[in-house]
Amino acid sequence: MKKLMIGNEAVARGLYEGGVEVVSSYPGTPSTEITEFISKYDDVYSEWAPNEKVAAEVAFGASLAGARSACAMKHVGLNVAADPLFTLSYTGVGGGLVVCVADDPAMHSSQNEQDSRHYAIAAKVPMLEPADSAECLAFAREALLLSESFDTPVLLRLTTRIAHSQSIVELGERVMRDRPEYKRNGEKYIMMPGNAKKRHPIVEARTEALARLAETSDLNRVEMGGTACGVITSGACYQYVKEALGDSVSVLKLGMVHPLPTDLIRSFAASVGRVVVIEELDGVIESHCEHIGVKVDGKNLFTPIGEYSQASIAAVFGIEEKKHLVVENAIPVRPPMMCAGCPHRGLFYSLVKNGVTVLGDIGCYTLGAQPPLSAIDSTLCMGASVSGLHGFRVADKSDRKTACVIGDSTFMHSGITGLVNVAYNGSASTVIILDNSITGMTGHQQNPTTGFNIKGDPAGKVDLEALCRAIGIRRVRVVDPYDLAEVDLAIREETAVDEPSVIISRRPCILLKSVKPKPALSISKELCRGCKKCLSLGCPAISYKGKRAHVNDTLCVGCGICESLCPFDAISKGE
Amino acid sequence: MQNTKSIMIVGVGGQGSLLASKLLGQLLLAEGYDVKVSEVHGMSQRGGSVVTYVRFGDRVYSPIITDGEADFIVSFEKLEAARYASCLAPGGRIIVNTQEIDPMPVLIGKAAYPTDILSELTAKDVLLDAIDALSLAEAAGSAKAVNIVLMGRLARYLGIAREKWEDAIKHGVKAAFVDVNLRAFSLGYENDAE
């Protein structure tokens, strides 16, 4: 049967058909849907783990027990999972193990543009890179088999355009293997120096064997066209190359991007006039070509920054730009923003009002950095708000007010260890946990604080207050971010005390189905003086026209924050 | 590729463009085309400017659409039509919902919403279908059916039988919303542009 699927769904399908039994992941754009689609298969165990390191280790344990397993993460998630990955390379696997990683060139939804192919090289594990959904399905299946036949974890690399583009796939049957009986094998799985020293040569030999496979595998293929120029490419770039250049060039399309073939590249280069490597982000294939003595053009012609397109490739090949119109009207930008009724808004407003220096974290609340609130001073990586605040407090000798903000899911991911450090080393840090009862930015996934599992069934629930107290924080208080007076008092008091404190700002995400919006508010034309105080909230439901503020009643959910802010009592509940 | 058709669906995060592109993709698949649909997920969905690319033909390579390539731009919001107009191919058509949704710089009074977007596009020889899709959707029974109203208008031009679109709607939306969406489709298909 033919179906139209995004790459992520096709990866899930491929893992399913390939007999995967256990999948553990932490959400992260653009990888999230892999695990969401896996969770729809009842005969696969799936879960949201607190972070990518835990997820990769769960996949390891399942593999050790003999099951085919997988985990999925975004590129920066692989940084978190790198610790188990590097030694998994030494232990190898029991059941096939696939680590799916989705890079985000152009940073549609990420904080950096790192190229995860470097991990394949550094950890010495093979990496496959599909170029459309059909290959996502086929390569996910193949990755599980490759993992078992070469006794190695396999990285499956996607980029945003592959992960989030629908194309046609042909569905196949699920194929299960007979799981071997678990047997203890310390030499393979206990990575103490004595054992690890014996495993390392096995890893090197395996890479050599995989490089031989790369010479002949169907994963890599040559498409001969014009022979004046040959292009070596992979992933989404293959599609752009075919679109822009058609059959005017010959193409070596790589499906296995680590290890790379040598003889195949040399013979391809010998069959064409000149060779151009077209790869987004870093010159990984190009470096390999240089290493094996094949002269190529690459990053001398193409940028290491952002996504490519058929147009950017055509331009480098001197093809005339397509005729198009140019709009002269000034088009105001439309950045993403916090929703009307977002529980984070009131908290950010109070932080700004109190002049607090705020270390931020990764999630919807990163949008608090946008004008007009502009409430955040830094965003680095998952959890860095808490540990960073501790460092800032230790170093900053001024009487500046400081705090950090971190979401419930991000706190579970890697905020807890930072808070342990705050308590252990005793900085007067004010840690604000924005508990909206869901993982928001990635599209509403459950997490250990919500009380539900990936399938929406009741599950274990972390008691945040008890956890913070157990860590050693004596001052833990819970506020409702819709109650500006309460939030303001908490921020003033906790940023003033000379000991660690936690404020839990608790209210569910306004987009949750369980949250029922209240009637829209309205602004009295007579009472409004046009002071613009309500506009400082940056609420999409409030606008300013004709020297008066207005509420858009289709967007307003009646949260009441602007009502409590208005100095002229001009805002009131809907008629 | 010469025989590949390119359609851009643009709008504001949360307006339902994903459902529209899903519907269109299913329909084109059923018609036997090679199809690619490039979606937007994640951060930009939070009220930001969003764009979905739909391409179909005998063999589609790139999933994205760049300047001068779109045969159709279906814009769920007026300003967004102008933002992406450079992607329109010469002789291409823009179907635009005349609804205005103020972006943050306009909401807080730091920028003005351009007043002459449609006249500029018309002056530049763009084939323009400007329709009040929000009012038509409300007339059909739900403001959320703006996406289907606009698909109804697009259906006039793609050369696929109307019944097949209606079948795709029947299979593509929840049973409770089929009637509303069929009405929305029909209003979009039949109403004359402003």
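Since the model is a prediction, treat every value here as computed from it, not as a measurement. Naming convention: chains lettered A, B, ... in sequence-line order (proteins, then strands); numbering from 1 in each chain. Side chains are part of it too, since the values below use all heavy atoms of this structure and drop only hydrogens, waters and symmetry mates.
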Take a 6.0 Å sphere around CD of A:E320 and say whether it holds more than 12 heavy atoms from other residues, nucleotides or ligands.
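Open: at most 12 neighbouring heavy atoms sit under 6.0 Å from CD of A:E320.
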Residues A:R334 and B:E77 bridged, charged N to O under 4.0 Å
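Result for this pair is yes, salt bridge flagged.
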Between B:E100 and B:K78, does any side-chain N to carboxylate O distance fall below 4.0 Å?
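Result for this pair is yes, salt bridge flagged.
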Run B:E69 and B:T66 through side-chain hydrogen bond (donor to acceptor under 3.5 Å, both in side chains) and show every step you take.
CA-CA 6 Å; B:E69 291 184 339; B:T66 56; 3.0 Å; yes
Tell me which of these, [options], has more heavy-atom pairs under 4.5 Å with chain A than the rest.
| options | value |
| --- | --- |
| B:I65, B:I101, B:V126, B:T52 | B:I101 |
| B:G92, B:G109, B:A85, B:S21 | B:A85 |
| B:I117, B:V54, B:I64 | B:I64 |

Heavy-atom distance under 4.5 Å to chain A: side chain of [X], backbone, both or neither?
| X | value |
| --- | --- |
| B:A111 | side chain |
| B:A143 | neither |
| B:L29 | side chain |
| B:E120 | side chain |
| B:Y84 | neither |
| B:D34 | both |

Closest-packed option against chain B by number of heavy-atom pairs under 4.5 Å, given [options]:
| options | result |
| --- | --- |
| A:A131, A:S543, A:P332 | A:P332 |
| A:K322, A:Q370, A:Q166 | A:Q166 |
| A:L535, A:I331, A:L555, A:T32 | A:I331 |
| A:K545, A:H550, A:Q310 | A:Q310 |

Just by modelled atom types, is the A:I162 backbone N or O under 3.5 Å from a matching donor or acceptor in the A:S165 side chain?
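Checking the backbone N and O of A:I162 against the side chain of A:S165, no donor-acceptor pair under 3.5 Å is found.
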Should [X] and [Y] count as side-chain neighbours, where that means a heavy-atom distance under 4.5 Å?
| X | Y | answer |
| --- | --- | --- |
| B:Y189 | B:E166 | no |
| B:V37 | B:P63 | no |
| A:Y240 | A:E280 | yes |

Identify which one of B:R162, B:R183, B:R156 satisfies the salt bridge (charged side-chain N to carboxylate O under 4.0 Å, His left out) criterion when paired with B:E190.
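Among B:R162, B:R183, B:R156, the one that satisfies the salt bridge (charged side-chain N to carboxylate O under 4.0 Å, His left out) with B:E190 is B:R162.
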Nearest 0.5 Å, what's the CD1-NZ distance between A:I542 and A:K532?
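One finds 13.5 Å between CD1 of A:I542 and NZ of A:K532.
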Is [X] in contact with chain B via its backbone, its side chain, both, or neither, using a 4.5 Å heavy-atom distance?
| X | result |
| --- | --- |
| A:V326 | backbone |
| A:A311 | both |
| A:C539 | backbone |
| A:E328 | both |

Between the side chains of B:R55 and B:S62, does any donor sit under 3.5 Å from an acceptor?
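No, no side-chain donor-acceptor pair sits under 3.5 Å.
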